[in-house]
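Following: one structure in structure tokens, then a few remarks.
Hydrogens, waters and symmetry mates are skipped; everything else that's a heavy atom, side chains included, is used. Residue numbers start from 1 in every chain, and the chains themselves are labelled A, B, ... in the order their sequence lines are given, proteins ahead of strands.
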Amino acid sequence: QQQVKQSPQSLIVQKGGISIINCAYENTAFDYFPWYQQFPGKGPALLIAIRPDVSEKKEGRFTISFNKSAKQFSLHIMDSQPGDSATYFCAASMQHSGAGSYQLTFGKGTKLSVIP
Amino acid sequence: DTGVSQDPRHKITKRGQNVTFRCDPISEHNRLYWYRQTLGQGPEFLTYFQNEAQLEKSRLLSDRFSAERPKGSFSTLEIQRTEQGDSAMYLCASSLALGEQFFGPGTRLTVL
């Protein structure tokens with residue numbers, strides 16, 4: 001059972017364009033939704049994260065939009081640059097209980113290529 | 001460098017051999033996680049430590065896998081009698097109580 005579904009699998013965007021990656025989750029107990037960026041041969045690095053009490057969070061060129069009723073969230077990368085070319089993963093975890101592992105459940109990833 | 005470190009970065013082994021990986025978390029982080037990532041997939045949770053206690057294990061962690069975190073510092077992940085299906089990137093992450101998990105660079109295991 002895939003608890004976090006991510007699309008598209010790959011994305012090609014021209015420099016300066018907007019990259020949009022979507023995720024949908026099934027478990028309504030999830031309450032922390034991070035996006036990670038991974039370059040080849042490296043571990044994932046946190047880009048931006050959101051909790052369900054807000055519908056949008058913006059950090060620089062990166063914005064998360066969150067729709068609790070639809071159980072969906074998305075990453076928007078504005079003014080995409082060739083250096084943004086990487087694989088992006090959405091993830092989710094349960095943190096509200098104050099106990100437990102807070103393990104992350106990841107989507108399958110989106111390979112983004114930004115062409116000059 | 002005060003990030004999460006992992007050793008070795010690459011390991012090639014023959015089927016049936018035992019391998020051990022090491023993770024050194026960020027020093028003040030009491031939570032430590034192991035994940036496995038196969039090609040074209042997102043990381044999958046394997047196990048979790050809070051200080052020295054192993055509090056959660058995934059069903060992915062078969063009996064051939066064992067992990068330790070003596071004294072709540074570094075952690076080791078051992079795979080006994082490796083199989084070709086064990087070939088993957090093994091990622092370690094650490095965190096404080098809530099919030100960001102910081103990942104290490106991973107250990108790439110290839111089982112021939």
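- Contact of B/L91 with chain A is made through the side chain alone, with heavy-atom distances under 4.5 Å.
- Heavy-atom distances place no part of B/R108 under 4.5 Å from chain A, backbone and side chain included.
- Residue B/L32 is grouped with residue B/F21 when hydrophobic side chains (ILVMFWY) are merged at heavy-atom distances under 4.5 angstrom, including chains of intermediate members.
- Of residues 41-49 of chain A, those residues lying under 4.5 Å from chain B by any heavy-atom pair are A/G41, A/K42, A/G43, A/P44, A/L46.
- With a 6.0 Å radius and a threshold of 12 heavy atoms from other residues, nucleotides or ligands, A/Q81 has its CD atom above the threshold.
- Proximity to chain B among residues 109-116 of chain A is not found for any residue, judged by heavy-atom separations below 4.5 angstrom.
- With a threshold of 4.5 angstrom between heavy atoms, B/E100 approaches chain A through its backbone and through its side chain.
- For B/L96, the CG atom counts as densely surrounded, since its 6.0 Å shell holds more than 12 non-hydrogen atoms of other residues, nucleotides or ligands.
- By the 6.0 Å contact criterion, CG on B/L112 is enclosed, its count of non-hydrogen atoms from other residues, nucleotides or ligands being greater than 12.
- No chain of hydrophobic side-chain contacts below 4.5 Å, direct or via other Ile, Leu, Val, Met, Phe, Trp or Tyr residues, connects B/Y90 to A/F106.
- For a residue to count as touching a neighbouring chain, one of its non-hydrogen atoms must lie under 4.5 Å from one of that chain's; by this rule A/Q9 does not touch chain B.
- Heavy-atom neighbours of B/R15 CZ from other residues, nucleotides or ligands within 6.0 Å: at or below the threshold of 12.
- In this structure, A/I12 places its CD1 atom where only 12 or fewer heavy-atom neighbours from other residues, nucleotides or ligands lie under 6.0 Å away.
- With a 4.5 Å cut-off on side-chain heavy atoms, A/Y102 and B/Y33 count as touching.
- Side-chain contact between B/Q37 and A/F89: present, with at least one pair of heavy atoms (C-beta onward) separated by less than 4.5 Å.
- Few gaps surround CG on A/D53; more than 12 heavy atoms of other groups in view lie less than 6.0 Å from it.
- Chain A forms more heavy-atom pairs under 4.5 Å with one residue of B/G104, B/P43, B/G42, B/G40 than with any other, namely B/P43.
- In this structure, A/M78 is not a member of the same hydrophobic cluster as A/I50, with clusters built from ILVMFWY side-chain heavy atoms closer than 4.5 Å.
- Taking hydrophobic clusters as Ile, Leu, Val, Met, Phe, Trp and Tyr residues chained together by side-chain heavy-atom distances below 4.5 Å, B/M89 does not share a cluster with B/I79.
- Contact annotation for B/F103: both backbone and side-chain heavy atoms come within less than 4.5 Å of a heavy atom of chain A.
- Taken together through direct or relayed side-chain contacts under 4.5 Å among Ile, Leu, Val, Met, Phe, Trp and Tyr, B/F49 and B/F74 form parts of separate hydrophobic clusters.
- Residues B/Y35 and A/L104 meet the side-chain proximity criterion, which asks for heavy atoms closer than 4.5 Å.
- A donor-acceptor contact closer than 3.5 angstrom is absent between the side chains of A/Q103 and B/Q101.
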